Every structure is written in structure tokens, then in C-alpha cells.
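Okay, structure first, notes after.
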Amino acid sequence: MEYRIGRIMLSEEELHSKVRELGARIREDYRGKKVVFVCVLKGAVIFFSDLVREIGPDVDAQLDFLAISSYGASTRSSGVVKIQKDLSTDIHGKHVIIVEDILDTGLSLSYMSKLLRERAPESLEICVLLDKAERRTQHVDVKYTGFTIPDEFVIGYGLDYAGQFRHLPAVHIAEPLD
Ligand code: IMP
Ligand code: MG
């Protein structure tokens with residue numbers, strides 16, 4: 001299947017004001033604490049870099065990166081989740097926030113939170129920009145959600161289709177070419 005860049009679902013302005021709002025909530029919740037922010041590569045990279053810059057100096061933040069296997073060239077999960085790049089930080093006894101681009105079936109995030117929980121962090125929370133709630137098959141507890149969106153395949157602001165379109169500054173609907 002080929003896709004083209006369709007209409008904007010979330011504009012740059014909407015994204016930026018939501019990211020500011022999430023950053024402010026996290027700043028209040030973790031004021032004076034040490035937190036490891038975990039960016040799930042590659043999709044969360046744009047959201048993550050905007051979000052952490054909203055946190056400010058009152059949180060003692062460390063940044064780390066995790067990569068798991070993704071869809072490949074498909075818009076549906078293969079059901080296979082595997083670590084491709086692990087954290088370089090020991091999270092034992094630390095406050096951890098996983099930052100992810102989108103929550104779909106919940107498979108990836110339930111796998112990642114189980115994996116990181118086994119390392120006995122002081123606390124573990126999840127922050128997602130987008131939530132396709134109606135697609136959920138695995139329950140995932142998310143503390144910070146940006147937008148709940150309908151079941152459309154979206155691209156841009158870090159989100160890709162087969163590696164393309166991550167660099168677009170807004171979130172667009174991917175339109176199938178026929
Ligand atoms: P889940 O494991 O089904 O929750 O899928 C989560 C992962 O699927 C995300 O981290 C994305 O990489 C990918 N994904 C799900 N929906 C979309 C979408 O609409 N656009 C781009 N990637 C998506
Ligand atoms: Mg992803």
C-alpha cells in the first residue's frame with residue numbers, strides 16, 4: 001500500500017500548546033525530584049525533544065532512549081515486540097516516565113512497562129501524545145495523554161509510515177493511494 005500526505009489532523013499550534021500543557025503538569029508533579037525521561041525511538045523523538053524543554057530547571061531530568069521493533073511497512077502491529085536498543089541508565093530506585101508517540105493496541109507499551117517495572121524503579125508513568133483508544137486490546141495505565149484520536153493512520157511530528165514523513169511539523173492523516 002502507498003500513502004500520501006492527507007489533511008492535517010493536529011496543527012503545529014495545537015501540538016505546541018498541548019506539549020506546553022503536558023510539560024507544565026509533569027513539572028508540577030515532579031518538582032524537586034530526579035526523573036529519567038525515556039524516549040521510545042524513533043516515533044517519539046520530536047514530541048520528546050519538545051516536551052523535555054518544557055520541564056524546566058525545577059526537575060532534575062535525565063534523558064534516555066529505548067527502541068523496540070515496530071510495524072515495518074505495515075499500518076497494523078505484527079504482534080511481535082522486541083528490544084532493539086536498551087537504556088544506558090540504571091533506573092533502579094528512580095522516577096521514570098516513558099514518552100511515546102502513540103498508543104494503539106497497547107502491545108508495545110504494555111511490553112515496555114512490564115520490562116522496565118522488572119528493574120524496580122521508584123515509580124513508572126507513561127506519557128503519550130496520541131491515543132487511539134478504540135483500538136486497545138491490552139490495558140495500559142497512562143498518566144499523561146495529549147489527544148485521543150479516531151482510528152486513522154496518522155503521520156508527521158515523528159510518526160511514520162514505512163520510515164517516511166516523520167519530519168512533518170504537523171500530524172496528518174495518511175491517505176491510501178489507489
Ligand atoms: P501498539 O503496540 O499497537 O500500541 O502500537 C504502538 C506503535 O505503533 C507506536 O509506537 C507507533 O510506532 C505505531 N503506530 C500505531 N498507530 C500509528 C499511526 O497511526 N501512525 C504511525 N505509527 C503508528
Ligand atoms: Mg513508535
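Predicted, not measured: the structure shown is a model, and the values here were computed from it. Read the numbers this way: they start at 1 and go in the same order the structure lists the ligands and their atoms. Side-chain atoms are counted along with the backbone in the values below, which use heavy atoms only and exclude waters and symmetry mates.
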Show me, pair by pair, the donor-acceptor contacts under 3.5 angstrom made by side chains of residues 59-66, not counting sequence neighbours?
residue : atom : partner : partner atom : Å
D64     : OD1  : S88     : N            : 3.3
D64     : OD1  : S88     : OG           : 3.4
D64     : OD2  : S88     : N            : 2.8
D64     : OD2  : T89     : N            : 2.7
D64     : OD2  : T89     : OG1          : 2.4

What atoms of ligand 1 come closer than 4.0 angstrom to any heavy atom of [X]?
X: G106; answer: 1 (P), 3 (O), 4 (O)
X: K132; answer: 16 (N), 17 (C), 18 (C), 19 (O)
X: E152; answer: 19 (O)
X: T105; answer: 1 (P), 2 (O), 3 (O), 4 (O)

Checklist outcome for this item: Between S113 and L124 the two heavy atoms that sit nearest each other are O-CD2, 3.5 Å
Item to check | Salt bridge present between K18 and E14 (N-O < 4.0 angstrom) | outcome: no
Next on the checklist: Is it true that Y144 and D29 share a donor-acceptor pair across their side chains at a distance under 3.5 Å?
Outcome noted: yes
Item to check | Structural part of L107 in contact with ligand 1, heavy atom criterion under 4.0 angstrom | outcome: both
Next on the checklist: Heavy-atom distances under 4.0 Å decide this one: backbone, side chain, both or neither, for I155 against ligand 1?
Outcome noted: neither
Checklist entry - Hey, looking at atom 14 (N) of ligand 1, which of V40, I68, I102, T137 has the closest heavy atom? => result I102
Checklist entry - Where the closest heavy atom to atom 2 (O) of ligand 1 is concerned, which of A174, S108, A44 has it? => result S108
Checklist entry - For V154 and ligand 1, does the shortest N/O to N/O distance drop below 3.5 Å? => result yes
Checklist entry - Quick check: does F153 get an N/O under 3.5 Å from an N/O on ligand 1? => result no
Checklist entry - Are the side chain of R25 and the backbone of E21 linked by a donor-acceptor contact shorter than 3.5 Å? => result no
Checklist entry - Any donor and acceptor pair, going by atom type alone, linking the side chain of R166 with main-chain N or O of G156 inside 3.5 Å? => result no
Item to check | Connected via hydrophobic side-chain network under 4.5 Å: F147 and I8 | outcome: no
